[in-house]
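What follows is a single structure, written as structure tokens, with notes after it.
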2 protein chains.
Amino acid sequence: MLHHSILQTLPPQLQKEAVESIQVMRFPPGKILFRAGEHCRGLPLMLSGAVKVQMTGASGNSIVLYRMGADDICTLSIGCLMTGYGYRAEAFVEEESEAAMVSRGLFDRLMDQSAAFRLGIMESYGRRLDDLMLLVEEVAFRRMDERLEEWLQVRRSPIHITHQELAVELGTAREVVSRLLKELERKGRVRLARGRIDVIKGV
Amino acid sequence: MLHHSILQTLPPQLQKEAVESIQVMRFPPGKILFRAGEHCRGLPLMLSGAVKVQMTGASGNSIVLYRMGADDICTLSIGCLMTGYGYRAEAFVEEESEAAMVSRGLFDRLMDQSAAFRLGIMESYGRRLDDLMLLVEEVAFRRMDERLEEWLQVRRSPIHITHQELAVELGTAREVVSRLLKELERKGRVRLARGRIDVIKGV
DNA sequence: AATACCAATGTGACTTTATCACTGAACTGG
DNA sequence: CCAGTTCAGTGATAAAGTCACATTGGTATT
């Protein structure tokens with residue numbers, strides 16, 4: 001079955017059509033869903049798993065723009081689907097994921113026939129725009145030590161990640177992350193090991 | 001008449017409906033189109049003029065996210081219109097502008113009835129997403145002196161702007177802009193005056 | 001015209017972040 | 001166990017951000 005909320009709202013006839021036309025794809029961790037420059041073959045509706053979308057600048061540095069999880073829509077693909085331009089970012093599968101791939105034809109049909117589907121798409125776009133606006137603000141103005149601590153706080157220890165990967169999460173350099181982490185370790189806020197960070201519960 | 005390309009594509013009946021329902025509004029320079037937190041009263045289709053959209057972070061610093069000009073759609077408003085959440089950013093009118101205000105009702109009707117209208121909206125969203133992604137990359141990784149020079153290059157001298165305003169354009173601090181400009185002046189690339197920058201045409 | 005005022009700019013001192021270059025430690029697969 | 005590789009640590013230096021305050025140029029006021 002296709003457990004994606006945007007499909008649940010469709011009238012029976014459309015739902016049947018969707019189920020027939022949609023291909024469910026399964027992606028193992030480490031798989032690249034799409035790369036920068038590639039063309040879009042369909043709109044992925046995330047059924048399960050976790051995918052991070054990141055971009056690499058001219059300098060060669062990368063930054064994670066946002067993540068997608070169950071019930072998300074890969075908004076970025078819509079633009080590529082409609083305009084035919086290539087992706088500007090890259091999507092990396094973090095956890096085993098499933099996605100329902102909606103073809104251009106079906107997408108057009110659903111947009112035409114279902115107000116609820118349209119609403120879902122618009123909301124998804126809105127959220128992504130918001131996310132990116134917040135990210136701009138964050139990158140432009142917030143201090144790296146704060147951002148790092150915040151990032152660490154919202155995960156469950158032990159966190160399995162390298163300093164390099166963490167640098168990409170925050171859009172900074174590996175050395176900066178290493179130094180800040182060392183500082184946190186000195187303060188007793190974290191314990192460090194190769195490829196692993198334990199956040200120590202404070203008061 | 002309503003000279004916005006997204007309206008030209010409508011079939012006669014819808015176009016008539018649109019013209020009847022749409023209110024054209026005129027905004028003088030300096031006017032705030034909307035502020036952070038405010039609610040959306042309609043989707044502005046830009047007919048003429050120039051509006052900058054900027055955001056102020058928790059720190060109090062601001063950054064210009066993008067600009068809108070003739071024939072643009074205020075994509076940000078769509079999200080607010082659909083979800084009822086307030087704006088996160090602020091829109092500042094730079095040049096006398098006219099916008100056709102599309103109500104929620106008309107928007108829904110056009111989305112329902114016109115594939116071309118939907119396409120226009122989707123394209124607008126896609127462009128904005130792209131803009132913001134590029135901005136993230138720019139802010140995260142590019143050097144400020146390069147960004148400043150680039151910004152100056154694409155305008156016509158004399159540029160009437162204060163260092164503070166320029167800092168908001170680039171998402172940095174006023175002092176940084178002042179120092180970089182002074183450096184450029186020493187190199188003979190610009191001439192500085194109060195509230196004004198002359199870019200000197202190089203080889 | 002002299003004065004007062006204020007926004008805009010200049011700058012020193014210092015902190016934070018980025019970059020470069022290199023070292024050493026920890027894991028992996030023979 | 002060894003060789004190769006990935007990951008982490010760190011010094012030196014440059015770029016950018018922050019804070020505090022001085023100076024300047026324009027405008028309004030007497």
Side-chain angles (χ1 to χ4, degrees), chain A residues 30 56-64 92 135-152 158-187 189-199, chain B residues 30 55-64 135-152 158-187 189-199:
Chain A
T56 301
S59 56
N61 299 33
S62 300
I63 183 170
V64 172
F92 177 93
L135 183 60
V136 168
E137 198 263 339
E138 178 135 337
V139 169
F141 301 126
R142 292 195 52 209
R143 293 185 44 140
M144 199 50 79
D145 52 358
E146 280 176 25
R147 293 180 55 211
L148 173 60
E149 282 219 65
E150 202 170 286
W151 195 96
L152 293 173
I159 306 171
H160 291 279
I161 193 170
T162 67
H163 296 185
Q164 176 57 53
E165 288 163 346
L166 194 33
V168 171
E169 292 288 332
L170 300 171
T172 182
R174 199 260 316 158
E175 299 92 314
V176 173
V177 170
S178 287
R179 275 190 253 264
L180 289 175
L181 281 175
K182 217 53 193 154
E183 183 60 28
L184 285 178
E185 192 179 40
R186 270 191 287 278
K187 288 189 198 157
R189 320 281 297 263
V190 300
R191 223 182 331 269
L192 300 177
R194 188 188 171 90
R196 171 181 166 159
I197 303 168
D198 292 278
V199 179
Chain B
M55 191 163 110
T56 301
S59 56
N61 300 34
S62 299
I63 182 170
V64 172
L135 183 59
V136 168
E137 198 263 339
E138 179 136 337
V139 168
F141 302 127
R142 291 196 53 210
R143 292 184 43 147
M144 198 51 78
D145 52 358
E146 281 175 25
R147 294 179 55 210
L148 173 60
E149 283 218 65
E150 202 170 286
W151 196 95
L152 294 173
I159 305 169
H160 291 279
I161 193 171
T162 67
H163 297 184
Q164 176 58 54
E165 287 164 345
L166 194 33
V168 171
E169 292 289 332
L170 299 171
T172 182
R174 199 261 315 158
E175 298 91 316
V176 173
V177 170
S178 287
R179 274 191 255 262
L180 289 174
L181 281 174
K182 219 44 194 162
E183 183 59 27
L184 285 177
E185 192 180 40
R186 269 191 287 277
K187 289 189 197 158
R189 320 281 298 263
V190 300
R191 224 184 328 270
L192 300 177
R194 189 188 172 88
R196 170 180 167 161
I197 303 169
D198 293 277
V199 180

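In this text the structure is predicted, and so the values were computed from the model without any measurement. These values consider heavy atoms only, across backbone and side chains, with no hydrogens, waters or symmetry-generated copies.
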Anything under 3.5 Å between a donor and an acceptor, one on a side chain of residues 158-165 of chain B, the other on a protein residue two or more places apart or in another chain? List them.
| from | atom 1 | to | atom 2 | distance (Å) |
| --- | --- | --- | --- | --- |
| B:T162 | OG1 | B:E165 | N | 3.1 |
| B:H163 | ND1 | B:S178 | OG | 2.8 |
| B:E165 | OE1 | B:T162 | N | 3.0 |

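Side-chain contact check for A:V64 versus A:F92: every heavy-atom pair is 4.5 Å or farther apart. Counting only heavy atoms from C-beta outward, the side chains of B:M55 and A:V136 never approach each other to under 4.5 Å. The shortest side-chain heavy-atom distance between B:L181 and B:L152 falls under the 4.5 Å cut-off. Inter-residue side-chain proximity for B:E149 and B:V199 is flagged as unmet; no heavy-atom pair is nearer than 4.5 Å. Contact check for B:V177 versus B:M144: no side-chain heavy atoms found under the 4.5 Å cut-off. B:L166 is listed as a side-chain neighbour of B:L148, based on a closest heavy-atom distance under 4.5 Å. Using a 4.5 Å cut-off on side-chain heavy atoms (C-beta onward), A:I197 and A:L192 make contact.
Against DNA chain D, the stretch residues 167-175 of chain A makes heavy-atom approaches under 4.0 Å through A:R174, A:E175. Proximity of residues 177-186 of chain A to DNA chain C (heavy atom under 4.0 angstrom from any strand atom) is restricted to A:R179.
Regarding A:E137, its CD atom lies at a distance of 15 Å from the C1' atom of D:dG17, rounded to whole Å. To the nearest angstrom, P of D:dC7 lies 14 Å from NE2 of A:H160. Here the P atom of nucleotide D:dT6 and the CG atom of A:L166 are 20 Å apart, to the nearest Å. For the pair A:E146 CD and D:dT18 C1', the computed distance is 14 Å after rounding to whole Å. When the P atom of D:dA16 is taken as reference, atom CG of B:L148 falls 10 Å away, rounded to whole Å. Distance CZ (A:R143) to P (D:dA16): 18 Å, rounded to an integer number of Å.
Note that CG of B:N61 and OG1 of B:T56 are 8.5 Å apart. Values are rounded to the nearest 0.5 Å.
Among residues two or more places apart in sequence or in another chain, the salt bridge (Lys or Arg N to Asp or Glu O under 4.0 Å) test is passed with A:R142 by A:E138, A:E146, A:E150. The salt bridge (Lys or Arg N to Asp or Glu O under 4.0 Å) check on B:R179 picks up nothing, with sequence neighbours excluded. With sequence neighbours left out, A:R143 forms a salt bridge (Lys or Arg N to Asp or Glu O under 4.0 Å) with A:D145. For the side chain to side chain donor-acceptor pair (under 3.5 Å) test, no residue two or more places apart in sequence or in another chain qualifies with A:R191. The salt bridge (Lys or Arg N to Asp or Glu O under 4.0 Å) test applied to A:R194 returns no partner, not counting sequence neighbours. Evaluation of the side chain to side chain donor-acceptor pair (under 3.5 Å) rule for A:E169 yields A:R67, A:W151 as partners, not counting sequence neighbours.
Over its full length, the helix from C:dA1-D:dT30 to C:dG30-D:dC1 turns its helical axis through 30°, comparing axes from the five pairs at each end and rounding to 10°.
In 5' to 3' order, the nucleotides of DNA chain C bounding all contacts with chain B (an atom under 4.0 Å from a heavy atom) are C:dA7 to C:dA13.
Within 6.0 Å of CZ in B:R189 there are 12 or fewer heavy atoms belonging to other residues, nucleotides or ligands.
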Detail all sub-3.5 Å separations between protein N/O atoms and N/O atoms belonging to nucleotides 22-26 of chain D.
| from | atom 1 | to | atom 2 | distance (Å) |
| --- | --- | --- | --- | --- |
| D:dG25 | N2 | B:R194 | NH2 | 3.3 |

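Position along DNA chain D of the nearest nucleotide to B:N61 versus A:I161 favours A:I161 as the more 5'-ward residue.
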